[in-house]
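Have a look at the structure below, then the notes.
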Amino acid sequence: MALRLDSFNLTELAARPEDAFRLASLAMAEGQRIPGYGGDCYRFRMGDAAAVIRTKGDPATGEEELLGMDTHAASACLWTCRVVRDVTPAGADPMSRRLLVRCGEGEDRAVVDVLCPEVLPDIREGDELRLNMAGFPLRVSYDPEACPGVVEAQEDTVLLQGTVRDAKIGETFLGMEPLTRFLSVTVSTPMGDVELCHPLEMVPEAQKDCVRPGASVSAHCVLSGDAAVGEYAGGVVFDMGRNLALLARFFREGGVERLVPILRSDCACTFLENRQEGAENALALLELVRQELSQADLNHCAEGTVTSGAGRGDACLLLGNGRGECVFLCRLELDSLCRVRELTITSDPDCEFELKA
């Protein structure tokens with residue numbers, strides 16, 4: 001969604017389909033693999049730029065299917081933002097997400113193409129995200145005078161104004177071979193710093209002296225935010241809370257293949273009296289249960305805590321009709337690596353619980 005090779009003067013790297021495939025193959029062979037729930041990404045550094053490849057396993061062949069490629073900057077502009085709404089366009093591949101987000105309680109909003117979203121178990125309205133931000137201007141203007149900071153969301157782009165904090169010449173390489181140079185400008189905005197990357201030629205001659213700290217910049221741009229940062233820098237993170245969040249998304253939306261990373265190969269799944277052993281059988285049972293619960297309108301999820309028995313104090317997932325009635329309780333038993341050893345869905349009236357506040 002954010003394949004802005006032109007922002008780094010790298011358009012020729014993917015000028016033809018065979019060129020793009022060659023770059024993607026190189027990235028998958030030599031880049032950093034970032035495992036996700038529904039597929040993997042590969043980050044391939046090229047100096048001050050990076051290519052990010054999206055892939056998904058093909059169940060029929062067991063091979064990785066290439067979904068697409070994005071670019072990003074070698075930046076460290078971190079936003080802590082909240083999801084306002086999912087605005088991913090219809091027909092986007094399953095590894096692409098576009099979100100409307102806000103930071104703090106201000107009026108500013110931004111539309112962000114999220115890279116590596118599959119490292120997150122779920123993305124819902126109100127969730128807090130940590131994103132490494134870069135911007136790719138379609139139009140840009142620099143001015144020596146200060147201007148009010150503004151971030152205004154458009155349909156799939158953003159209008160922003162801010163103050164230049166730093167400006168430098170970025171360089172790209174392929175191995176040891178120098179490729180291109182571009183302008184890399186760190187801009188302070190009301191939502192946080194953004195690394196704007198664009199060709200030097202985009203700046204009018206009369207404005208080139210304004211590309212300096214303290215000047216202001218106005219840009220119409222595409223914003224990109226990498227979710228594979230901080231604790232997610234190496235990919236998915238396994239723990240009870242995230243495993244339950246992943247299951248909650250599954251019961252709401254489907255996508256049983258996203259559960260594969262959290263299940264041990266010898267795991268067992270029990271629904272009432274039906275017990276299935278082995279990951280493949282467990283997944284088949286879970287998909288059947290999801291379909292039946294969805295048809296009965298019992299796929300509404302809430303977090304809870306077990307208050308009786310041997311698992312007292314354990315987190316659990318409560319399944320019901322969304323009107324305050326919880327019909328089933330889902331419990332997990334994890335191994336030392338926080339993979340699921342045992343998954344139990346029960347309606348036992350003796351299994352007491354309370355809703356998470």
Side-chain angles (χ1 to χ4, degrees), residues 1 35-41 54-62 64-65 67-68 83 85-99 114 116-127 227 235-238 240-265 267-272 274 276 278-304 316-323 325-332 339-340 342-347:
M1 296 171 73
Y37 294 104
D40 297 339
C41 287
R54 306 189 303 275
T55 68
K56 186 176 181 6
D58 185 342
T61 64
E64 285 187 298
E65 176 188 359
L67 298 180
V83 178
R85 188 166 63 253
D86 189 322
V87 292
T88 306
D93 69 69
M95 293 280 286
S96 296
R97 295 295 289 270
R98 178 176 291 157
L99 303 174
V114 181
C116 308
E118 284 296 309
V119 301
L120 305 174
D122 197 8
I123 301 177
R124 305 192 72 193
E125 180 179 328
D127 284 354
V236 296
V237 176
F238 300 98
M240 180 65 80
R242 291 178 176 87
N243 292 348
L244 290 174
L246 184 70
L247 277 167
R249 175 174 168 176
F250 162 70
F251 283 118
R252 288 194 314 268
E253 305 174 17
V256 71
E257 69 281 352
R258 295 186 82 242
L259 301 181
V260 172
I262 71 169
L263 301 181
R264 287 170 52 117
S265 61
C267 72
C269 176
T270 302
F271 175 64
L272 302 179
N274 187 345
Q276 297 293 325
E280 185 175 347
N281 294 331
L283 289 169
L285 176 59
L286 283 168
E287 177 58 23
L288 180 63
V289 170
R290 186 199 68 81
Q291 293 175 12
E292 293 180 350
L293 293 182
S294 181
Q295 292 171 5
D297 193 30
L298 295 176
N299 59 343
H300 299 269
C301 304
E303 294 181 55
C316 63
L317 189 66
L318 305 170
L319 302 168
N321 56 17
R323 297 185 294 274
E325 183 182 0
C326 298
V327 179
F328 294 102
L329 182 147
C330 178
R331 302 175 64 173
L332 303 180
R339 265 66 166 190
V340 177
E342 187 92 24
L343 189 156
T344 303
I345 303 173
T346 180
S347 59

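- Annotation: salt bridge (charged side-chain N to carboxylate O under 4.0 Å, His left out) contacts of E125 (sequence neighbours excluded): none.
- To the nearest 0.5 angstrom, L343 atom CG is 8.5 Å from L259 atom CG.
- Residue R331 holds its CZ atom at 9.0 Å from CE of M240, rounded to the nearest 0.5 Å.
- Between K56 and D93, none of the side-chain N atoms (NZ, or NE/NH1/NH2) sits under 4.0 Å from a carboxylate O, so this pair counts as no salt bridge.
- A donor-acceptor pair shorter than 3.5 Å cannot be found between the side chains of Q291 and Q295.
- A search for side-chain hydrogen bond (donor to acceptor under 3.5 Å, both in side chains) contacts involving T270 returns R275, not counting sequence neighbours.
- Listed by chain and residue number, E231, Y232, D239 satisfy the side-chain hydrogen bond (donor to acceptor under 3.5 Å, both in side chains) test with R242 (two or more places apart in sequence, or in another chain).
- When all heavy atoms are compared, the tightest approach of C326 to L318 is SG-CB, 3.9 Å.
- Although no hydrogens or angles enter the test, the distance criterion places no donor-acceptor pair under 3.5 Å between the side chain of T55 and the main chain of E65.
- Separation of atoms CZ (R252) and CG (L319) is listed at 11.0 Å; rounding is to 0.5 Å.
- R249 contributes no side-chain N or O that, together with a main-chain N or O of I123, makes up a donor-acceptor pair within less than 3.5 Å.
- Rounding to the nearest 0.5 Å gives a distance of 5.0 Å between CG of L244 and CG of L332.
- Counting non-hydrogen atoms of neighbouring residues, nucleotides and ligands closer than 6.0 angstrom, the CD atom of E253 exceeds 12 such neighbours.
- Smallest separation of non-hydrogen atoms from R258 and L120: NH2-O, 3.2 Å.
- A salt bridge does not link E118 to R54: none of the charged side-chain nitrogens sits closer than 4.0 Å to a carboxylate oxygen.
- When every heavy atom of S294 is checked against every heavy atom of N299, the shortest pair comes out as OG-ND2, 3.8 Å.
- Atom CD in Q276 sits 11.0 Å away from atom CG in L283 (nearest 0.5 Å).
- The side-chain heavy atoms of R97 and D86, taken from C-beta on, include a pair separated by under 4.5 Å.
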* Asked: Between L293 and V327, does a side chain to side chain contact (heavy atoms under 4.5 Å, CB included) hold up when you go through it step by step?
  -> CA-CA 10 Å; L293 293 182; V327 179; over 6 Å; no
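- Between F271 and F328, the angle of the ring planes lies from 30° to 60°, which puts this pair in the tilted group.
- Annotation: side chain of V114 is not in contact with side chain of T88 (no heavy-atom distance under 4.5 Å).
- Note that CG of L246 and CZ of F251 are 10.5 Å apart. Values are rounded to the nearest 0.5 Å.
- In terms of heavy-atom proximity, V119 sits nearest to G235 at CG1-CA, 3.9 Å.
- Residues P261 and G36 approach most closely at CG-O, 4.1 Å, considering heavy atoms.
- Contact between D40 and E64 at its shortest, heavy atoms only, is OD2-OE2, 3.7 Å.
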